[in-house]
Amino acid sequence: DLAFVSRQDDLKADFLPLKEDTLVAILPDERRYDGWSACPVSEFEGREFLMPALGFNRDIMPLFRRHHVHPRIRKTTVDDPVVISMVAHGLGASIMTELIMTGQSPASVKVLPIEPRAYRELGIVVRSRRELKAAVQDLIQCARETIDALDERPMNGNTP
C-alpha cells in the first residue's frame, strides 16, 4: 500500500513528502579542513569517493552531475560505520545524510554540510493518493507527526 523512499525522478506513483535530509560530506580528519564550515561539492572532483550502499547513488549522483563533478567512485557493499572507518583510514571521502550521522560520534572524520546545500527528500509513495485506505491515511499521519516530533529535538553536537 505504501513505501518510505527518497524522491526519484522516475517514480511511477504519488509521492507524499515528509522531510528534507541534508547531505553531508564525510572527510578524513585532515588539517586542511580545519576552519571549514561547509564542504564545496567541487572538493570531490577527481578524488577517491566511497559510495555508500543501499542505493545512495540515486541521491548522490544527481548532485555530481548538476555540478559537473567527477570523483573516482568506489562502490561499497558495507554498512555506514564501515564506510566512515574507511574514510578515517584515508581510503577516500564519502557523502551521507544528517539522519544517518545523528547519534554517531566519528571523532576521526570531518562531517560538514555540502555547499551549495544538497539534500534528499524523504517521503512516502502510494499508488494513488485519491484511493488511500483509512489505515494507510492513519499511518501517513502518524509518520508526519513522528517526523515533526523528531525535528523538534535538539541535534547531536557531532552533526552539522
Side-chain angles (χ1 to χ4, degrees), residues 2-127 143-144 146-147 150-151 153-160:
L2 64 83
F4 290 90
V5 299
S6 64
R7 183 188 296 267
Q8 304 298 320
D9 292 336
D10 59 354
L11 284 175
K12 304 285 190 248
D14 288 344
F15 183 82
L16 310 171
L18 291 174
K19 177 176 182 54
E20 290 180 357
D21 187 13
T22 301
L23 297 177
V24 293
I26 311 299
L27 304 166
D29 189 14
E30 297 173 356
R31 293 187 58 104
R32 70 185 183 130
Y33 301 119
D34 289 352
W36 284 29
S37 60
C39 176
V41 71
S42 61
E43 179 64 18
F44 296 100
E45 177 65 39
R47 78 179 296 168
E48 294 289 322
F49 182 83
L50 304 168
M51 183 65 75
L54 300 174
F56 265 94
N57 59 316
R58 293 180 59 103
D59 297 315
I60 295 170
M61 291 309 294
L63 171 70
F64 289 152
R65 281 192 296 271
R66 231 180 359 264
H67 296 283
H68 309 287
V69 172
H70 306 92
R72 291 189 312 266
I73 295 175
R74 306 292 179 243
K75 294 182 179 176
T76 67
T77 57
V78 295
D79 61 5
D80 301 326
V82 175
V83 171
I84 293 167
S85 178
M86 291 170 73
V87 171
H89 286 88
L91 299 176
S94 192
I95 293 176
M96 295 189 182
T97 71
E98 280 187 342
L99 281 176
I100 289 170
M101 296 308 294
T102 298
Q104 303 242 9
S105 300
S108 54
V109 297
K110 298 273 189 197
V111 179
L112 298 169
I114 293 173
E115 192 171 282
R117 182 177 181 264
Y119 61 90
R120 65 178 178 169
E121 188 174 15
L122 301 177
I124 297 172
V125 291
V126 295
R127 287 185 199 123
R144 285 186 168 135
T146 300
I147 295 291
L150 290 173
D151 284 346
R153 293 185 318 172
M155 292 222 22
N156 177 323
N158 296 321
T159 57

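Computed from heavy atoms alone, side chains included, the values below leave out hydrogens, waters and symmetry copies. Not measured: the values here are computed from a predicted model.
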Q: Give the intermediate values and the outcome of side chain to side chain contact (heavy atoms under 4.5 Å, CB included) for residues V111 and M96.
A: CA-CA 9 Å; V111 179; M96 295 189 182; over 6 Å; no
Q: Given side chain to side chain contact (heavy atoms under 4.5 Å, CB included), test L27 with R47 step by step and report yes or no.
A: CA-CA 11 Å; L27 304 166; R47 78 179 296 168; 4.0 Å; yes
Q) Hey, what do you get for CG (L23) to CG (L99), rounding to the nearest 0.5 Å? A) 10.5 Å
Q: Fit a plane to each ring of F49 and F44, take the angle between them on a 0 to 90° scale, and name the class: parallel (under 30°), tilted (30 to 60°) or perpendicular (over 60°).
A: perpendicular
Q: For R72, look at atom CZ and say whether over 12 heavy atoms of other residues, nucleotides or ligands are found less than 6.0 Å away.
A: yes
Q | From H70 atom NE2 to R65 atom CZ, the distance as rounded to the nearest 0.5 Å | A | 10.0 Å
Q.
Treating D21 as the side-chain partner and T97 as the backbone partner, does any N or O pair qualify as donor plus acceptor under 3.5 Å?
A. no
Q: Can you run down the ring-ring contact (aromatic ring centres under 6.0 Å, His included) pairs that involve residues 81-126, sequence neighbours left out, and say none if there aren't any?
A: none
Q.
Within the 4.5 Å heavy-atom criterion, are L16 and R144 side-chain neighbours or not?
A. yes
Q | Close side-chain approach of S6 to Q8, heavy-atom, < 4.5 Å | A | yes
Q. So L63 and I114, side chain to side chain contact (heavy atoms under 4.5 Å, CB included) or not? Walk me through it.
A. CA-CA 10 Å; L63 171 70; I114 293 173; 4.1 Å; yes
Q) Pick from V83, I26, D80: which one makes a side chain to side chain contact (heavy atoms under 4.5 Å, CB included) with I100? A) D80
Q) How far apart are the closest heavy atoms of P52 and I60, and which atoms are they? A) CD-CD1, 3.9 Å
Q | Test item: side-chain donor near acceptor, T22 and E20, under 3.5 Å | A | no
Q.
Measuring from atom NZ of K75 to atom CG of N57, what distance do you get when rounded to the nearest 0.5 angstrom?
A. 6.0 Å
Q) Would L91 and R74 satisfy side chain to side chain contact (heavy atoms under 4.5 Å, CB included), going step by step from the backbone distance to the final call? A) CA-CA 10 Å; L91 299 176; R74 306 292 179 243; over 6 Å; no
Q. Does any pair with a residue in residues 3-35 pass ring-ring contact (aromatic ring centres under 6.0 Å, His included), and if so which ones, sequence neighbours excluded?
A. Y33-W36
Q. Do H67 and P116 have side-chain heavy atoms sitting under 4.5 Å apart?
A. yes
Q) What is the minimum heavy-atom distance between L18 and A143, and which atoms define it? A) CD1-CB, 4.4 Å
**Q.** Donor-acceptor pair, side chain of T102 and main chain of E98, under 3.5 angstrom
**A.** yes
Q: State whether the side chain of T76 and the backbone N or O of M51 hold a donor-acceptor pair below 3.5 Å, judged by distance alone.
A: yes
(Q) Is any side-chain heavy atom of D29 closer than 4.5 Å to one of V109? (A) no
Q.
To the closest 0.5 Å, what do you measure between CD (E45) and NE2 (H68)?
A. 11.0 Å
